[in-house]
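What follows is a set of notes on a single structure, which appears directly below.
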Amino acid sequence: MGKAAVTRAYADIRAALAVLNAEVDGCGSEPFSVADPLAGLADGCLDILAGAREVEAWFAGLKAKAAVTYAESASVVAGPDAPVQAKEMAVAAEVGCVLALGPRAASSFLAASHAVVSSLPRTLVGLQAGTLSWQHAVVMADEAACLDAAGAAALEAHFLDPDAQDPARGCPVGQLPAHRFRVKARTWRERHHAESIEKRHAKGVADRRVEFRPDQDGMAWLSACLPAAEALAGWNRLTAISRGMQGPDECRTMPQLRADNFANAVLGSGSIVHAGGTCATPLSDAGSDVEAVHRGGACAVHGPDAGGRYGAGQQPWSSPIRAQVLVTVPVYSLMGLTDEPAMLDGYGPIPPSMARELVAKGATSFYRVLVDPRDGAPLEIGRTSYRVTGAMRAWLRMRDGKCPFPGCSNNSLDNDADHILAWANGGPTGISNLGQPCPKHHKLRHTTGWKPTPATKNEPPGWTSPTGRHYPSEHQDWEPPKWPRQLVPQLKPLKRAIAGCADLVGVGFSLGEACLDGILHPPSA
């Protein structure tokens, strides 16, 4: 036992790794497939990768437990008289040296390990079972950090307990990339945080700022922390304007176009970016001697050319292009009766006051959508022709939230509407036969063996790889809207319907439409 047992265990692990390396190198005792050795080796490598992921999770759980046990033991050995901060620094330094981590990384690792081992039992079990990665555990620890014990337990149960009252839908958490799990965990935390999202948002607004950070090769980062609606609307508008500038004579990529248009907006008349060439005329009317930079054609600031045209791909920042931002607001939250968060497409939960302001100001991107008050899911919109309507595209954005390919974060603004069963093969133009892959994964579907699986009105399609492996898609976590307190006692426990009233979905009156009309057209005094 003791050190000898540890030594023997790691010797066995090294021997097992030698066997696996030999298999990957094609030097195993027998091939994966006698009939087709190359195809067998390819499939065998996928099996090795899947097993390696589980082993990494096992080791992550082991490292977390070992680090916490070491920290507790070292604290006891140091004695009660040693300063707490000094003991923590000593433990972090020792762990950092053993794992070759810097001081901050070692402290972060210890904090996450302590959270997982001491207060996130389901996460630890997931690590030990090989179903969660360490990156998933860190996300869970980060999102649970500002919750009380009950909130942290509910967060874990939602994502890791299939028998929970309202478990997460779709792809299991462990099969999601950690960055996608962070989005879903953050959304759940925003909805269920004990403190009102309005109060937390007010603190965030007070901390709004712009930051400058130098980078390499004469470059630097200029970023702003803004209210989500403003930040996302700005990003979508940059994307729309930049896409409009693309063409056969435009050599810049979308990231370059976004950066140039962003600089144009921030610098104002001090620097104008177009599609090609250089304008040497100083902007004297703005009191600046900075040259307007072009990429071809005439200057949008100094006017069009003799033919009344701007240069190829030019687009002044004062373009009428407006960003589209989809906001889904629960009816009672829109009416101000509850403080349930609204959902901003491409971001997540936002304060209801922000959503009400978007509606009150007549945001053209606000879609009035009938939402089922029983489960929070939007209702289906149908059409029998090939053409996908704007309403159906909006519905797809709500159903999928993003490109449904596993791990892809491309939001709906850039995605294509695609028939899962081709129209030419009898596929209808209905929500259940539509997906919205991003351009990259749309091309993947039509040029390789990757194929989408059937969808439903509330579930996006999954994907099947050329090897036959199925990968489920990530689903939106729709939740039943919250009811105002004054109506809760009148609810029937089983049907959640207002006593004496018909189902809200079945009647011709819509609370959402009535509320929206009241906000946009308030009664005169």
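- Between the side chain of Asn415 and the backbone N or O of Gln436, at least one donor-acceptor pair lies under 3.5 Å.
- Side-chain contact between Phe405 and Leu444 is present, with heavy atoms from C-beta onward closer than 4.5 Å.
- Side-chain contact check for His470 and Thr453: no donor-acceptor pair (N or O, by modelled atom type) lies under 3.5 Å.
- Using modelled atom types, no side-chain atom of Glu250 and backbone atom of Gly247 make a donor-acceptor pair closer than 3.5 Å.
- Between the side chains of Glu459 and Ser473, not a single donor N or O lies within less than 3.5 Å of an accepting N or O.
- Looking at Lys184, its side chain does come within 3.5 Å of a backbone N or O of His475 through a donor-acceptor pair.
- Here Arg209 pairs with Glu211 under the salt bridge (charged side-chain N to carboxylate O under 4.0 Å, His left out) rule; sequence neighbours left out.
- Listed by chain and number, the residues in a side chain to side chain contact (heavy atoms under 4.5 Å, CB included) with Ala154 are Trp188 (sequence neighbours excluded).
- Although no hydrogens or angles enter the test, the distance criterion places no donor-acceptor pair under 3.5 Å between the side chain of Asp400 and the main chain of Cys403.
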_Determine whether Leu160 and Met140 satisfy the following criterion, side chain to side chain contact (heavy atoms under 4.5 Å, CB included), listing intermediate values before the conclusion._
CA-CA 11 Å; Leu160 301 179; Met140 187 71 79; 3.9 Å; yes
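- Of the candidates Cys171, Cys438, Pro452, Pro461, Pro404 forms a side chain to side chain contact (heavy atoms under 4.5 Å, CB included) with just one, namely Pro461.
- A donor-acceptor contact closer than 3.5 angstrom is absent between the side chains of Asn433 and His419.
- Here Trp221 and Phe212 keep their ring centres 6.0 angstrom or further from each other.
- Under 3.5 Å, the side chains of Ser133 and Glu56 contain no donor-acceptor pair of N or O atoms.
- Of the charged side-chain nitrogens involved, none lies within less than 4.0 Å of a carboxylate oxygen, so that Glu230 and Arg208 do not count as a salt-bridged pair.
- The backbone N or O of Thr456 lies less than 3.5 Å from a partner atom in the side chain of Arg399, making a donor-acceptor pair.
- The main-chain N or O of Arg445 is found under 3.5 Å from a side-chain atom of Lys451 such that the two form a donor-acceptor pair.
- In plain terms, the two heavy atoms of Ala178 and Val139 that are nearest each other are O-CG2, 3.9 Å.
- Using cut-offs of 30° and 60° on the angle between ring planes, the pair Phe159 and Phe181 is perpendicular.
- Between the side chain of His179 and the backbone N or O of Gly407 there is at least one donor-acceptor pair closer than 3.5 Å.
- Aromatic ring centres of Phe262 and Trp235 lie farther apart than the 6.0 Å criterion allows.
- A salt bridge is defined here as a Lys NZ or Arg NE, NH1 or NH2 lying under 4.0 Å from an Asp or Glu carboxylate O, and Asp142 with Arg186 fails to meet this definition.
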